[in-house]
Amino acid sequence: MSWFGSFLKSSIGQKIIMSLTGLFLIQFLAVHLIGNLQLLANDGGQQFNLYAKFMTTNPVIKTVSYLLYASILLHAVQGLWLWSRNKAAKGGKYAVMAKESSTYASRNMGWLGIIILVFIILHLWQFWFQMKMGWLEMKTYDGVEVKNLYAPVAYAFKQWWYVLIYVLAMGVIGLHLHHGFQSAFQTLGLNHKKYTPLIKFLGTAYAILVPLGFALIPIIFFLFR
Amino acid sequence: MKLNLKVWRQRSNNDKGAFATYQVEANEHMSFLEMLDVLNEQLIAKKETPVAFEHDCREGICGACSMVINGRPHGPQQGTTTCQLHMRAFEDGDTIFIEPFRARAFPVVKDLVVDRSGFDRIIQSGGFVSVNTGQAQDGNAIPIEKDLAGEAFDAATCIGCGACVAACPNGAAMLFTSAKVTHLGLLPQGKVEHSKRVLSMVKAMDEEGFGMCSNVGACSVECPKEISLENIARMNRDYIGASLASDKTV
Ligand code: HEM
Ligand code: SF4
Ligand code: FES
């Protein structure tokens, strides 16, 4: 096998794929949040719709979006595959479970990932698919015609069950990232007392603030709009 | 003190195995292994088969005394092996679950004894220095920075007990392998073959069927020698470096 093939197939190489795709998704989630915060502009969706048009038509961003789809797919498929291979490598369970020696999130990355995957599918079906299939009505702002993505979002955020699913899913992403953020650096071999405390701090802050930011938007819509 | 033991009994690797319940009268000054000796004397007196468990030095240096006590390899105490655990860590009337290390790469031989020869094969693949380094060196004949020597020494305290694999939900052997890679790779005599060593030892580890590291960290918490996760990160980056930038292949 070529050196690169054996590198990627090794246990460390397999984890590097998870780490790099995970870090890319982390970066994307922050950008996505900046976009979503524009839902709060209280202008009937103008700013949000114009931003959505920019994000779906700008060629650079379009290219990056294909990378994103590939990353999500690769991360999910690879994650679940690793998870099942790791379960097989364990080969059994203890009668007593020692909870004190590791965190809940670190032991349950696969389950958390499955929940996130289900949420992503629902999420894409509700918003992304409608946008891509041209099922949205058009709106015109100062002569610019855009798809009114704001309408289905504002509608969904008025359904209590959707808001509930959304908020719970953000909690799950927070747990996944609380372990995942710092884990991705450890996988790449970056663990040193010089900077690991900072990585852990940033990871915790990210895992709390970003999902919280996402979750607040439907809550505000549900309660005040 | 009276104890209620639930001990894993398994006649051979092919046997399914199950817990058996025993009552033992121990005292708090006994080590955990001495308590098991008492149990075995009871069983022998009743003409039953004693519980098979591994032990050798009984002072925390050989790494033989592998077992999982109430879900924790080497029991609840931090930084000690089973043989260094005393019954004062338990209360009168406690129920204690005693199981073998579980990992696909550590098949059960009998009762609490597992086959850890996978570790030997990882060492054989590169956990050595191939040149003759002669007699023990005179102090300071080879200058080594104090911090570096300290780090190498910390890694060298790994006794190859396998508790890291037993604690890991993935049955991964990264803590052990990285400790071995580090302790040789940081010192001048071992540095020469470092790239090749990292590549071969990781390959051997994968071939033995150990799992992949999810950075759960239970290995380091349960390790009787408190080997740090920094060693795993060092092995990862040296593996990346050796794969991308050295001519060595394995
Ligand atoms: C699509 C559904 C997802 C699935 C099925 C999934 C699954 C997994 C699994 C099983 C792991 C653990 C891998 C291991 O350490 O052995 C993992 C790690 C990780 N995930 Fe996800 N995940 C998903 C979504 C996400 C998302 C949306 C993000 C970021 C926004 C993310 C970020 C991470 C990071 C950073 C890691 C750590 C990588 C490492 O340990 O090196 N994941 N994921
Ligand atoms: S790293 Fe710790 S737990 Fe693992 S074999 Fe070495 S001493 Fe035992
Ligand atoms: S018997 Fe040697 S370490 Fe316990």
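The chains referred to below are lettered A, B, ... by the order of the sequence lines, with proteins before strands, and numbering in each begins at 1.
For B:P107, no part lies under 4.5 angstrom from a heavy atom of chain A. At a 4.5 Å heavy-atom cutoff, the contact between A:A88 and chain B is made by backbone and side-chain atoms alike. Residue A:K99 does not touch chain B at all, counting heavy-atom pairs closer than 4.5 Å. Contact annotation for A:Q14: only side-chain heavy atoms (C-beta onward) come within less than 4.5 Å of a heavy atom of chain B. Proximity to chain A is absent for every atom of B:L199, based on heavy atoms less than 4.5 angstrom apart. For B:E222, the part sitting under 4.5 Å from any heavy atom of chain A is the side chain, from C-beta outward, and nothing else. No part of B:A172 comes within reach of chain A, as not one of its non-hydrogen atoms sits under 4.5 angstrom from that chain.
Applying the salt bridge (Lys or Arg N to Asp or Glu O under 4.0 Å) rule to A:R85 yields no partners; only residues at least two apart in sequence or on another chain are considered. Under the side chain to side chain donor-acceptor pair (under 3.5 Å) criterion, B:S178 pairs with no residue, sequence neighbours left out. Residues passing the salt bridge (Lys or Arg N to Asp or Glu O under 4.0 Å) test with A:K87: none are found, sequence neighbours excluded.
Ring geometry for A:F7 against A:F4 counts as tilted: the plane angle lies between 30° and 60°, on a 0 to 90° scale. Ring geometry for A:F214 against A:H32 counts as perpendicular: the plane angle is over 60°, on a 0 to 90° scale with 30° as the lower cut. A tilted orientation is assigned to the rings of B:F90 and B:F32, their planes being inclined by 30° to 60°.
If you tally non-hydrogen atom pairs under 4.5 Å between each of A:Q182, A:M97, A:K93 and chain B, the highest count goes to A:K93. Ranked by heavy-atom pairs under 4.5 Å with chain A, the list B:M174, B:R102, B:K6 is led by B:R102. Counting heavy-atom pairs under 4.5 Å between each of B:V216, B:I69, B:V221, B:V250 and chain A puts B:V216 at the top. Put simply, of B:I240, B:V165, B:T249, the one with the most heavy-atom pairs under 4.5 Å next to chain A is B:I240. Of the listed residues (B:R237, B:R234, B:E99, B:M235), the one with the most heavy-atom contacts under 4.5 Å to chain A is B:E99. When each of A:S10, A:G91, A:G180 is scored by its heavy-atom pairs under 4.5 Å with chain B, the top score falls to A:S10. Put simply, of A:K15, A:K90, A:H192, the one with the most heavy-atom pairs under 4.5 Å next to chain B is A:K90. Per-residue heavy-atom pair counts under 4.5 Å with chain B were compared for A:A98, A:A95, A:S102, and the maximum is reached by A:A95. Of all the listed residues (B:S214, B:P100, B:G217), the one sharing the greatest number of non-hydrogen pairs under 4.5 Å with chain A is B:S214. With chain B as partner, the option from A:T103, A:I16, A:I12 having the largest number of non-hydrogen pairs under 4.5 angstrom is A:I12. When each of B:A167, B:P76, B:C168 is scored by its heavy-atom pairs under 4.5 Å with chain A, the top score falls to B:C168.
A distance below 6.0 Å separates the ring centres of A:F129 and A:W135. Centroid-to-centroid, the aromatic rings of B:F106 and B:F210 come within less than 6.0 Å.
Residues of residues 195-212 of chain A having a heavy atom under 4.5 Å from any heavy atom of chain B: none.
A side-chain donor-acceptor contact under 3.5 Å links A:N191 and A:Q186. For B:Q84 and B:T81, the side-chain atoms include at least one donor-acceptor pair closer than 3.5 Å. Side-chain contact annotation: A:W161 with A:Y166, donor-acceptor N/O pair under 3.5 Å absent. For the residue pair B:D115 and B:S117, a side-chain donor N or O sits within less than 3.5 Å of a side-chain acceptor on the partner.
Formation of a donor-acceptor pair under 3.5 Å by the A:N108 side chain with backbone atoms of A:W111 is not found in this model.
Results of the side chain to side chain donor-acceptor pair (under 3.5 Å) test with A:S11 over B:N170, B:D206, B:T177, B:N236 single out B:D206 as the only residue that passes.
No side-chain heavy atom of B:E151 sits less than 4.5 Å from a side-chain heavy atom of B:T182.
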